[in-house]
Novice: 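Pasting a structure here, questions to come.
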There are 2 protein chains.
Amino acid sequence: MTETITRDLRPRPRAEERPPKRAEASRQQILDVAASLFRARGYTETSLRDIGAQVGMKAGSLYYHFASKEELAAEVLRIGVQRVHEAVASAVAGLGPEAPMKARIEAAIAAHLETLLVESDYTSAHIRCFPYVPPSLKTELSQARRDYETVWRGLLDEASAAKALAPGIDPEVARLAILGALNWSLEWFDPARGRPEELIRTMVAAFTR
Amino acid sequence: MTETITRDLRPRPRAEERPPKRAEASRQQILDVAASLFRARGYTETSLRDIGAQVGMKAGSLYYHFASKEELAAEVLRIGVQRVHEAVASAVAGLGPEAPMKARIEAAIAAHLETLLVESDYTSAHIRCFPYVPPSLKTELSQARRDYETVWRGLLDEASAAKALAPGIDPEVARLAILGALNWSLEWFDPARGRPEELIRTMVAAFTR
DNA sequence: GTCTATAGCAAGATAGAC
DNA sequence: GTCTATCTTGCTATAGAC
């Protein structure tokens with residue numbers, strides 16, 4: 001008898017793993033707005049009041065979903081690096097194992113740039129804010145950043161071994177130069193004035209042969 | 001008689017143009033410390049209290065020398081762009097009118113990088129902080145930035161006309177790519193691990209022929 | 001889940017003593 | 001010229017009502 005009652009009152013087994021839809025929707029909306037504002041204004045320049053206002057919430061209410069501003073930023077920036085990592089890895093993999101190195105590098109450049117400039121506020125927020133977030137958050141993100149770096153290192157080392165890089169170019173310096181040029185485009189690229197194709201073409205022409 | 005007295009009491013003609021040395025020294029020290037902190041931490045992340053502490057002054061005392069944080073930053077960032085402008089222009093001019101385009105571009109890259117990474121906290125503060133300063137300050141700096149841009153535009157247009165750029169490279173896109181790669185080096189370059197020569201060589205190899 | 005209200009703090013800036 | 005003291009504002013974060 002006790003058994004039956006207990007069973008009836010107990011919440012469903014997966015209760016903690018399946019949060020109600022409303023909370024999940026709010027959380028998602030907060031992340032989206034935070035990514036957009038972090039991208040546009042920067043980490044320190046964006047207040048929880050700003051984020052709340054665009055979500056239609058008071059600043060204090062955000063703490064139901066995130067323990068702190070830093071934790072919210074951690075989630076945004078972590079998603080940002082994961083997205084560009086996945087986009088680049090799958091663009092390169094999608095070419096198949098026989099694709100020439102020049103095509104692989106072009107695909108990686110195009111995917112990074114497309115994700116950064118067009119696809120994802122999360123990725124652009126990561127690129128723009130990372131240098132300015134608290135050190136603890138930098139540490140938290142360092143592994144995911146290294147994982148993404150590894151993709152590029154492998155690509156450029158392979159290209160170098162296959163003589164697919166322009167002559168006299170060290171693959172590690174090329175990696176830093178290419179990603180620097182791409183990331184800096186956040187500061188000047190205007191989506192209203194065209195897509196990133198021109199920059200892609202220029203970078204491929206400069207660094208591959 | 002009145003005439004004589006008046007003349008005696010009047011401050012020396014150049015009084016306003018020659019401020020006492022002590023004020024000038026303090027002002028200079030404030031600018032140096034501000035440049036260093038803006039470079040290392042960012043504009044918003046640096047407080048007037050931080051600057052005062054390193055100068056050996058209270059935050060309020062800074063207002064004897066500058067009307068506001070924004071005006072202090074304006075002076076730092078203005079000096080920063082002027083310095084890199086002068087360094088690049090004179091490095092290129094120093095090669096003489098007969099120098100090949102490839103050498104001129106290499107000199108410009110080297111001078112920009114050397115000023116940014118080694119020579120001047122003012123320049124690195126400008127590059128790091130500009131995207132995050134108040135809009136009014138951006139407007140105030142826009143002319144000096146355009147003046148510097150003009151140097152690079154002239155250089156790359158000339159190089160393009162002389163067929164000195166690598167094939168398939170548009171000079172305006174090359175300018176944005178080159179300066180992006182150089183400016184982004186602020187985020188990864190470690191002066192303890194060597195000078196910027198490797199990056200200079202890579203950029204010249206990639207963009208010129 | 002979101003609100004109101006507020007604690008607690010740090011920022012930029014100002015006034016007047018010295 | 002610099003200090004002390006303080007004003008005002010805005011921020012992150014918390015507590016408790018609903």
Side-chain angles (χ1 to χ4, degrees), chain A residues 11 15-34 37-38 40-77 125 129 132-137 140, chain B residues 11 15-34 37-38 40-77 125 129 132-137 140:
Chain A
E16 309 102 37
E17 297 154 31
R18 280 208 210 171
K21 279 191 176 174
R22 185 174 163 204
E24 195 50 37
S26 284
R27 187 187 152 88
Q28 191 54 56
Q29 205 192 347
I30 292 166
L31 287 167
D32 287 349
V33 167
L37 288 176
F38 287 158
R41 301 186 195 172
Y43 174 73
T44 318
E45 294 78 4
T46 300
S47 73
L48 295 176
R49 284 175 167 87
D50 293 335
I51 296 169
Q54 284 207 14
V55 174
M57 235 182 228
K58 295 298 176 180
S61 308
L62 301 176
Y63 285 84
Y64 178 80
H65 303 279
F66 299 93
S68 64
K69 182 184 182 182
E70 188 174 330
E71 199 183 87
L72 167 56
E75 184 81 359
V76 170
L77 270 57
C129 295
Y132 304 93
V133 299
S136 54
L137 184 41
E140 200 181 328
Chain B
E16 309 103 38
E17 296 155 30
R18 281 208 208 170
K21 278 190 175 174
R22 186 175 164 202
E24 194 51 36
S26 284
R27 187 187 152 89
Q28 190 55 54
Q29 206 192 346
I30 293 166
L31 286 167
D32 286 349
V33 167
L37 288 176
F38 286 158
R41 301 187 195 170
Y43 174 74
T44 318
E45 294 78 5
T46 300
S47 73
L48 295 177
R49 286 173 168 83
D50 294 335
I51 296 170
Q54 284 208 14
V55 174
M57 234 182 230
K58 296 298 176 181
S61 308
L62 300 176
Y63 285 84
Y64 178 80
H65 303 279
F66 299 93
S68 66
K69 182 185 184 183
E70 188 175 330
E71 199 184 86
L72 167 56
E75 184 81 0
V76 170
L77 270 58
C129 296
Y132 303 93
V133 299
S136 54
L137 184 42
E140 200 180 328

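To find a chain, count down the sequence lines: A is the first, B the second, and so on, and within it residues start at 1. FYI, side chains are in, hydrogens and waters are out, and symmetry mates aren't considered; it's all heavy atoms of this structure.
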Novice: For the residue pair B:Leu48 and B:Tyr63, establish whether any side-chain heavy-atom pair is separated by less than 4.5 Å.
Specialist: yes
Novice: Looking at OG1 of A:Thr46 and CZ of A:Arg41, how far apart are the two atoms once the value is rounded to the nearest 0.5 Å?
Specialist: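 These two atoms lie 5.5 Å from each other.
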Novice: Say you draw a straight line from OH of B:Tyr132 to SG of B:Cys129; how long is it, rounded to the nearest 0.5 Å?
Specialist: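 B:Tyr132 OH to B:Cys129 SG: 9.5 Å, rounded to 0.5 Å.
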Novice: Is the shortest side-chain heavy-atom distance between A:Leu37 and A:Glu45 below 4.5 Å?
Specialist: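 A side-chain contact under 4.5 Å is absent here.
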Novice: Can you measure from CD (B:Glu140) to CD (B:Glu70) and round to the nearest 0.5 angstrom?
Specialist: 7.0 Å
Novice: Counting only non-hydrogen atoms, which of residues 64-74 of chain B are less than 4.0 Å from DNA chain D?
Specialist: B:Tyr64, B:His65
Novice: Can you sort out which residues in residues 46-61 of chain A have a heavy atom within less than 4.0 Å of DNA chain D? Ascending by number, please.
Specialist: A:Thr46, A:Ser47, A:Leu48, A:Arg49, A:Gly60
Novice: What distance do B:Phe66 atom CZ and B:Arg27 atom CZ have between them, rounded to the nearest 0.5 Å?
Specialist: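 With rounding to 0.5 Å, CZ (B:Phe66) is 4.0 Å from CZ (B:Arg27).
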Novice: Starting at atom OH of A:Tyr63, determine the distance to atom P of D:dC11, rounded to an integer number of angstrom.
Specialist: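 In whole Å, D:dC11 P lies 12 Å from A:Tyr63 OH.
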Novice: Using whole Å, what does the distance between atom P of nucleotide D:dC11 and atom CG of A:Leu62 come to?
Specialist: 13 Å
Novice: Taking CD from B:Glu45 and P from D:dC11, how many angstroms apart are they, rounded to a whole number?
Specialist: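 B:Glu45 atom CD is separated from D:dC11 atom P by 15 Å.
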Novice: To the nearest 0.5 Å, what is the distance between CD1 (A:Ile51) and CG (A:Asp32)?
Specialist: 11.5 Å
Novice: Starting at OG of A:Ser26, measure out to CE of A:Met57 and round the result to the nearest 0.5 Å.
Specialist: 4.0 Å
